[in-house]
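Numbers restart at 1 for each chain; the letters A, B, ... are given by sequence-line order, proteins then strands. These numbers come from a predicted model, not from an experiment. Below, each value reflects all heavy atoms present in this structure, side chains not excepted, and no hydrogens, waters or symmetry copies.
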Number of protein chains: 2
Amino acid sequence: MGKSSEIVKEHLSYSDGFISAQSLHHVITKSKTKIGLTTVYRALQKMVDSGEVDTFRNPEGEAEYRLCTPNHHHHLVCTNCGFTVEIDGGAIESWASSAAVKNGFSSISHIADIYGLCRQCA
Amino acid sequence: MGKSSEIVKEHLSYSDGFISAQSLHHVITKSKTKIGLTTVYRALQKMVDSGEVDTFRNPEGEAEYRLCTPNHHHHLVCTNCGFTVEIDGGAIESWASSAAVKNGFSSISHIADIYGLCRQCA
DNA sequence: TTTAATGCAAATACTTTGCAGGAAA
DNA sequence: TTTCCTGCAAAGTATTTGCATTAAA
């Protein structure tokens with residue numbers, strides 16, 4: 001694993017919450033570091049495989065990534081303007097694990113996001 | 001709105017749970033009806049806009065659709081073999097609406113799916 | 001030298017859009 | 001006629017892969 005993976009992970013840690021591979025690539029190249037989009041994708045995929053990074057697809061079809069951290073949270077997203085609020089998972093976490101255990105599933109992860117219109121856009 | 005939208009909706013109702021636009025198009029053309037992929041996409045998008053249909057992106061990046069029904073449920077998906085269990089949303093529904101209200105959001109929908117390994121694949 | 005990392009360009013997959021022909025009002 | 005529906009082909013976007021170059025071990 002070369003230096004690039006380190007750079008990707010570092011920038012991932014700067015970003016709060018999820019970020020897409022494309023955005024991450026933008027951020028990195030804008031910062032000063034030269035890096036290929038392919039390399040960003042490959043670094044992210046490796047970290048997903050190793051369990052260091054969580055991923056899910058947003059409604060636009062882009063994959064979003066974040067470092068796995070203990071302070072796991074979810075998103076409330078305005079479908080009109082994109083305004084996003086981070087919210088606590090609350091009961092979700094236990095719902096997910098109990099549903100999984102009940103059905104014999106293991107190594108679980110979950111996605112849970114809420115979409116709606118924010119006050120401005122309603 | 002022509003006949004095609006009716007056909008799309010009908011086949012959507014046959015399918016239990018979510019189905020992708022591509023799969024739906026396959027099913028429809030295989031059944032006997034000639035229909036263009038474009039038309040399927042357009043019919044689905046119209047129904048999403050009107051609130052008749054729910055949609056989300058699966059981890060592969062495909063959009064999946066289902067008719068909105070009162071017996072709303074969620075999915076527990078095996079990431080290895082694709083085996084899927086339908087589970088009740090339980091506390092999710094109230095979590096979603098309370099989080100939304102607390103932040104001034106309206107017209108909300110949510111996605112909540114759990115991924116893991118089923119007994120066979122663990 | 002042998003192995004792994006890198007990135008450009010091409011390929012792939014899903015979805016959307018432009019446009020012309022046809023059906024319905 | 002005017003409007004809407006259809007669907008082919010082209011375009012657009014995100015992601016993956018082939019391959020040659022380069023860096024590291």
For B/I7 and D/dT6, give me the distance from atom CD1 to atom C1', rounded to whole Å. 12 Å
What do the steps show when you test B/I114 against A/F105 for side chain to side chain contact (heavy atoms under 4.5 Å, CB included), and what is the final call? CA-CA 10 Å; B/I114 310 176; A/F105 277 62; over 6 Å; no
What is the distance, to the nearest angstrom, from the NE2 atom on B/H26 to the C1' atom on C/dA13? 13 Å
Could you state the atom-to-atom distance from NZ of A/K46 to C1' of C/dA5 in whole Å? 7 Å
Do B/Y115 and A/H110 have ring centres separated by under 6.0 Å? no
Could you go through the side chain to side chain contact (heavy atoms under 4.5 Å, CB included) check for A/L67 and A/K9 one step at a time? CA-CA 8 Å; A/L67 280 178; A/K9 186 194 280 192; 4.0 Å; yes
Examine D/dT6: is either OP1 or OP2 under 4.0 Å from a nitrogen or oxygen in the side chain of B/S4? Give yes or no. yes
Atom-pair distance (CD1 on B/I19; P on C/dC14), nearest Å: 14 Å
Between C1' of C/dG22 and NZ of B/K34, the distance in whole Å: 13 Å
Hey, is the side chain of B/K3 poking within less than 4.0 Å of OP1 or OP2 on C/dA24, counting only N and O atoms? no
With no hydrogens and no angle check, just 3.5 Å: does a side-chain donor-acceptor pair link A/Y41 and A/Q22? yes
Verify side chain to side chain contact (heavy atoms under 4.5 Å, CB included) between B/F18 and B/H75, making sure each step is shown before the conclusion. CA-CA 9 Å; B/F18 287 91; B/H75 290 112; 3.2 Å; yes
Kindly indicate, with the supporting measurements, whether the criterion side chain to side chain donor-acceptor pair (under 3.5 Å) is fulfilled by A/S97 and A/S94. CA-CA 5 Å; A/S97 57; A/S94 55; 6.0 Å; no
Between B/T39 and D/dT6, does any side-chain N or O lie under 4.0 Å from OP1 or OP2? no
What does the list of N/O pairs under 3.5 Å between the protein and nucleotides 13-20 of chain D look like, with a distance for each?
from	atom 1	to	atom 2	distance (Å)
D/dT15	OP1	A/A63	N	2.6
D/dT15	OP2	A/Y41	OH	2.2
D/dT15	O5'	A/Y41	OH	3.1

Rounding to an integer number of Å, can you tell me how far B/L44 CG sits from D/dT6 C1'? 15 Å
